[in-house]
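Okay, so here's the structure we're looking at.
Numbered from 1 within each chain, the chains take letters A, B, ... in sequence-line order.
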Amino acid sequence: MEATGSTNLALSVRSVPEEEPPDPQELRLDNMLLAEGVSGPEKSAAAAAAALAAATGGSSSDDSCEYADYREKLAQIRMIYHTELDKYEQACSEFTGHVMNLLREQSRTRPISPKEIESMVSIIQRKFSAIQMQLKQSTCEAVMILRSRFLDARRKRRNFSKQATELLNEYFYSHLENPYPTEETKEELAKKCSITAAQVSNWFGNKRIRYKKNIAKYQEEANMYAMRTALDASQSSSPATSNTGGYPDSCYTPDGML
DNA sequence: TCTAATGATTCGAG
DNA sequence: CTCGAATCATTAGA
């Protein structure tokens, strides 16, 4: 632990004027940490996480649960990173002070040039910045792992919200004769249900085939939605148009599906 | 813990 | 490309 590496010292002395070692690796790490919201201002963590959510494909409302988890873990990483960074910084200056004292002591027995001191300091800083680099590296790794786990969690199937299924069923059963929403309609439904258009497509694909496979099983559901849309219609537009219990026939006999 | 429901994926056809 | 169909994988309910 003694700073007696004078040969080492002389060897590694190179023109390192304070900063700007254009190390692309470190630059990369810095950028990454900044983008992930680990370094940089406090608020940007949420922004980075939001960016991640957006990058994974919309639906920013209902995944708040795994999302909070992600953010919590990210904050943890962030905290560790900063405390470690501070620790190294402190250790660095402490160690520098130590070495300075040693040099001062030695200066009583031999002449020590300012240049030697300067190079000594730069060596120490290099060593410590290497350590910090390592810290950045491992922090990056941790973030990557966390990120991939977050993505994995999202990849798992989640049932749509009750509300979303209601909306989808509503459309499906009120268009039983032709349950093929256009791309536009899919987008619209997707927006309302806070899912993706592809998910809407999946849903309709599944629904059509499963409905067709066993119409009887879905009869009750069909009646329910038919009644409800009928009720809605009678309430909103023409309450006087009788037919209180009468649903459109097409909802009962979807011959278009056979 | 077994089972039904359900969202996603894959593949052939048109 | 979309669709139907079969199938997979996970979820929710008994």
Side-chain angles (χ1 to χ4, degrees), chain A residues 35-36 46-77 141-233 245 247-258:
Chain A
E36 279 330 305
L52 170 60
T56 61
S59 128
S60 53
S61 51
D62 91 281
D63 33 54
S64 45
C65 130
E66 303 149 27
Y67 197 49
D69 198 44
Y70 172 81
R71 274 168 67 171
E72 189 191 329
K73 298 250 176 66
L74 186 66
Q76 223 171 326
I77 290 175
E141 271 168 29
V143 170
M144 291 310 260
I145 289 171
L146 175 64
R147 195 185 167 118
S148 75
R149 247 189 245 155
F150 177 71
L151 291 175
D152 280 349
R154 276 188 112 258
R155 203 168 301 136
K156 282 188 178 179
R157 185 172 76 74
R158 300 221 51 179
N159 286 355
F160 297 153
S161 69
K162 184 108 182 170
Q163 196 181 9
T165 355
E166 294 261 314
L167 273 163
L168 293 168
N169 274 317
E170 207 169 285
Y171 185 95
F172 181 79
Y173 286 115
S174 57
H175 296 75
L176 256 189
E177 328 77 44
N178 186 34
Y180 297 87
T182 65
E183 210 50 46
E184 270 185 359
T185 314
K186 282 181 192 170
E187 294 282 354
E188 200 178 319
L189 284 169
K191 202 174 171 186
K192 284 185 191 168
C193 301
S194 50
I195 59 180
T196 67
Q199 287 178 301
V200 174
S201 292
N202 284 338
W203 190 91
F204 273 90
N206 284 321
K207 191 70 182 180
R208 280 190 300 260
I209 187 71
R210 283 163 184 165
Y211 179 84
K212 191 178 80 173
K213 260 189 168 174
N214 191 352
I215 292 183
K217 190 169 68 179
Y218 290 92
Q219 202 60 68
E220 198 181 342
E221 193 176 65
N223 293 346
M224 199 191 91
Y225 280 100
M227 177 163 74
R228 228 186 37 192
T229 54
L231 275 180
D232 281 354
Y247 336 112
D249 284 335
S250 56
C251 294
Y252 277 119
T253 56
D255 30 21
M257 293 289 296
L258 305 168

Residues that A/Glu166 engages under side-chain contact (heavy atoms from CB on, under 4.5 Å), provided they are two or more places apart
A/Lys162, A/Tyr225, A/Arg228

Who passes side-chain contact (heavy atoms from CB on, under 4.5 Å) against A/Lys192, sequence neighbours left out?
A/Leu167, A/Glu188

Nucleotide N/O to protein N/O under 3.5 Å, stretch nucleotides 11-13 of chain B:
none

Rounded interatomic separation in angstrom, taking [atom1] from [X] and [atom2] from [N]:
| X | N | atom1 | atom2 | value |
| --- | --- | --- | --- | --- |
| A/Asn206 | B/dA5 | CG | P | 14 Å |
| A/Arg208 | B/dT6 | CZ | P | 17 Å |
| A/Asn202 | C/dG4 | CG | P | 13 Å |
| A/Ile209 | C/dT7 | CD1 | P | 12 Å |
| A/Tyr180 | B/dG14 | OH | C1' | 13 Å |
| A/Tyr218 | B/dT6 | OH | C1' | 9 Å |
| A/Glu187 | C/dT2 | CD | P | 11 Å |
| A/Tyr211 | B/dA5 | OH | C1' | 18 Å |

Does [N] have its OP1 or OP2 closer than 4.0 Å to a side-chain nitrogen or oxygen of [X]?
| X | N | value |
| --- | --- | --- |
| A/Lys217 | B/dA4 | no |
| A/Gln199 | B/dA8 | yes |
| A/Lys207 | B/dT6 | no |

Ignoring hydrogens, what is the shortest heavy-atom contact between [X] and [Y]? Give both atom names and the distance.
| X | Y | value |
| --- | --- | --- |
| A/Thr182 | A/Thr185 | OG1-OG1, 2.8 Å |
| A/Ala197 | A/Ala190 | N-CB, 3.6 Å |
| A/Pro181 | A/Lys186 | O-CE, 3.5 Å |

Just the table, please: protein N/O against nucleotides 11-14 of chain C N/O, every pair under 3.5 Å.
unit_1, atom_1, unit_2, atom_2, d
C/dT11, O4', A/Arg157, NH2, 3.1

With sequence neighbours left out, the residues meeting ring pair (Phe, Tyr, Trp, His ring centres under 6.0 Å) with A/Tyr171 are A/His175, A/Phe204

Take A/Arg157 and A/Asn159 through the test side-chain hydrogen bond (donor to acceptor under 3.5 Å, both in side chains) and record every step on the way to the result.
CA-CA 7 Å; A/Arg157 185 172 76 74; A/Asn159 286 355; 2.5 Å; yes

Ignoring hydrogens and geometry beyond distance, is the side chain of A/Arg210 in donor-acceptor contact with the base of C/dG4 at under 3.5 Å?
no

Regarding the side chain of A/Glu183, the nearest nucleotide among B/dA5, B/dA8, C/dT2 is C/dT2

Once side chain to side chain donor-acceptor pair (under 3.5 Å) is applied, do any residues pair with A/Ser161, and if so which ones, sequence neighbours excluded?
none

A/Glu170: which of A/Thr165, A/Leu189, A/Thr229 passes side-chain contact (heavy atoms from CB on, under 4.5 Å)
A/Thr229

